[in-house]
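Chain letters run A, B, ... following the sequence lines, proteins first, then strands; residues in each count from 1. This structure is a prediction, so every number in the text was calculated from the model and none was measured.
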2 protein chains.
Amino acid sequence: MTDEAAAGSGAGAVDGVLAALADPTRRRLLDLLAAQGEVSATTLAEALPVTRQAVVKHLAVLDAAGLVGGRRVGREVRYEVRPAALDATARWMVALAADWDRRLAGIKRLAEAAEAAEAAEGDARE
Amino acid sequence: MTDEAAAGSGAGAVDGVLAALADPTRRRLLDLLAAQGEVSATTLAEALPVTRQAVVKHLAVLDAAGLVGGRRVGREVRYEVRPAALDATARWMVALAADWDRRLAGIKRLAEAAEAAEAAEGDARE
DNA sequence: GATCAGTGCAACTCCAGGGTTGCACACCAC
DNA sequence: GTGGTGTGCAACCCTGGAGTTGCACTGATC
């Protein structure tokens with residue numbers, strides 16, 4: 001896990017979440033779900049400018065990413081938000097940002113050291 | 001800003017970052033940039049299974065999202081990582097996750113209260 | 001000035017995925 | 001049972017974007 005956070009591109013669950021969050025309709029959907037709690041796909045479709053089928057597809061993507069979960073209640077399926085995957089991705093992103101900062105600082109330090117060494121030794125190195 | 005963090009879908013800079021991060025090649029690109037510091041598009045293309053032109057396009061997207069920045073050095077353009085936008089998006093995501101938790105807790109509390117009230121009053125309500 | 005490496009721009013192909021429609025199936029109410 | 005309401009599945013457009021190729025341009029180097 002620490003490896004994943006540091007590597008940046010090999011994170012398994014994270015890319016699913018990122019891909020899911022990249023779509024505005026899906027973010028809107030998550031917003032509605034977060035606001036209303038347990039809602040069915042049909043109800044969600046009424047609040048959006050798309051068909052129920054489109055909503056169902058989006059919910060499938062969000063479900064695969066672990067961002068939502070659904071349970072049957074009679075003949076309808078109530079979906080609700082699942083914070084765990086989002087939380088994990090948020091932490092991954094925070095770690096990545098910190099990683100960038102560290103690397104940038106390190107590179108900048110090396111560059112300055114190299115400049116200093118060059119200035120001190122001239123071109124006698126090679 | 002606090003509104004943006006709470007609303008979730010209206011964030012201006014965030015959706016650019018999310019869309020940029022959704023692509024695996026772009027994440028790989030960011031990884032390389034974070035690891036190597038200032039690199040040109042041509043150099044990056046050598047380390048990836050795509051053309052220089054594809055890299056240039058991706059860099060343009062990342063640049064528009066504020067994730068990278070480039071400066072000319074003679075006849076080449078060196079790109080480097082810009083942590084600010086990523087950091088902002090990470091914070092937005094953390095706030096959103098916290099928001100979900102709050103809402104879920106609130107809804108659950110309301111549901112339990114409603115259940116309790118129902119159990120206490122029977123069906124005398126309607 | 002001539003040459004070569006790196007960049008920028010434009011047109012083109014191609015496919016994943018967002019959206020739709022249509023229909024079959026399951027469930028609740030009457 | 002029968003009718004309505006909600007879900008699931010499948011086939012189908014169609015746009016966006018990832019990737020390519022080709023060429024013109026600019027800046028070093030000789």
Check this for me, if you would: do A:D99 and A:R103 make a salt bridge, where the nitrogen-to-carboxylate-oxygen distance has to be below 4.0 angstrom?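 A:R103 and A:D99: salt-bridged.
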In one Ile/Leu/Val/Met/Phe/Trp/Tyr side-chain cluster, 4.5 Å: B:V77, B:V81: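 Yes, one cluster joins them.
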Exam field: side chain A:T51 to backbone A:A54, donor-acceptor pair closer than 3.5 Å: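 No.
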Taking side chain to side chain donor-acceptor pair (under 3.5 Å) as the definition, give me every residue that meets it alongside A:E38, ordered by chain and number, with sequence neighbours left out.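 With neighbours one apart ignored, the set is A:R71.
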Residue list, side chain to side chain donor-acceptor pair (under 3.5 Å) with B:R26, at least two apart or on another chain: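 Testing B:R26 for side chain to side chain donor-acceptor pair (under 3.5 Å), a comparison that skips the adjacent residues, returns B:H58.
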Atom [atom1] of [X] and atom [atom2] of [N]: how far apart are they, to the nearest Å?
X	N	atom1	atom2	value
A:L62	C:dG17	CG	P	14 Å
A:D23	D:dT15	CG	C1'	13 Å
B:E76	D:dT29	CD	C1'	15 Å
B:L44	D:dG19	CG	P	14 Å
A:D63	D:dG8	CG	P	11 Å

List every contact pair, protein side and nucleotides 26-30 of chain C side both N or O, where the distance is under 3.5 Å.
{"unit_1": "C:dC27", "atom_1": "O2", "unit_2": "A:R75", "atom_2": "NH1", "d": "3.0"}

Heavy atoms only, 4.0 Å cut-off, all strands: where does A:R26 land among base, sugar-phosphate and nothing?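 Sugar-phosphate, no base atom in range.
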Decide side-chain contact (heavy atoms from CB on, under 4.5 Å) for B:T89 and B:L21; before the verdict, give the C-alpha distance in whole Å, the side-chain angles of both, and the deciding distance to 0.1 Å. CA-CA 11 Å; B:T89 304; B:L21 288 180; 5.6 Å; no
Taking DNA chain C as the partner, which of residues 52-60 of chain A come within under 4.0 angstrom of it by heavy atom?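 Heavy-atom contacts with DNA chain C come from A:Q53, A:A54, A:K57, A:H58.
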Output the rest of the hydrophobic cluster of B:V61: all Ile, Leu, Val, Met, Phe, Trp and Tyr residues reachable through side-chain heavy-atom contacts under 4.5 Å, sorted by chain and number.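 For B:V61, no cluster forms, as it stays isolated from other hydrophobic side chains.
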Would you name the heavy atoms of A:W92 and B:R27 that are closest together and state the gap between them?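 Minimum heavy-atom contact is CH2-CD, 4.4 Å.
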Toward the 5' end of DNA chain C, by each residue's nearest nucleotide, A:A19 or B:Y79: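 Mapping each residue to its closest nucleotide by heavy atoms, the 5'-most match is B:Y79.
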For A:D87, all residues meeting salt bridge (Lys or Arg N to Asp or Glu O under 4.0 Å), sequence neighbours excluded: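 A:D87 satisfies salt bridge (Lys or Arg N to Asp or Glu O under 4.0 Å) with A:R91 once adjacent residues are dropped.
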Does B:T25 make a side-chain N or O approach to OP1 or OP2 of D:dA18 shorter than 4.0 Å?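 Negative; the distance criterion is not met.
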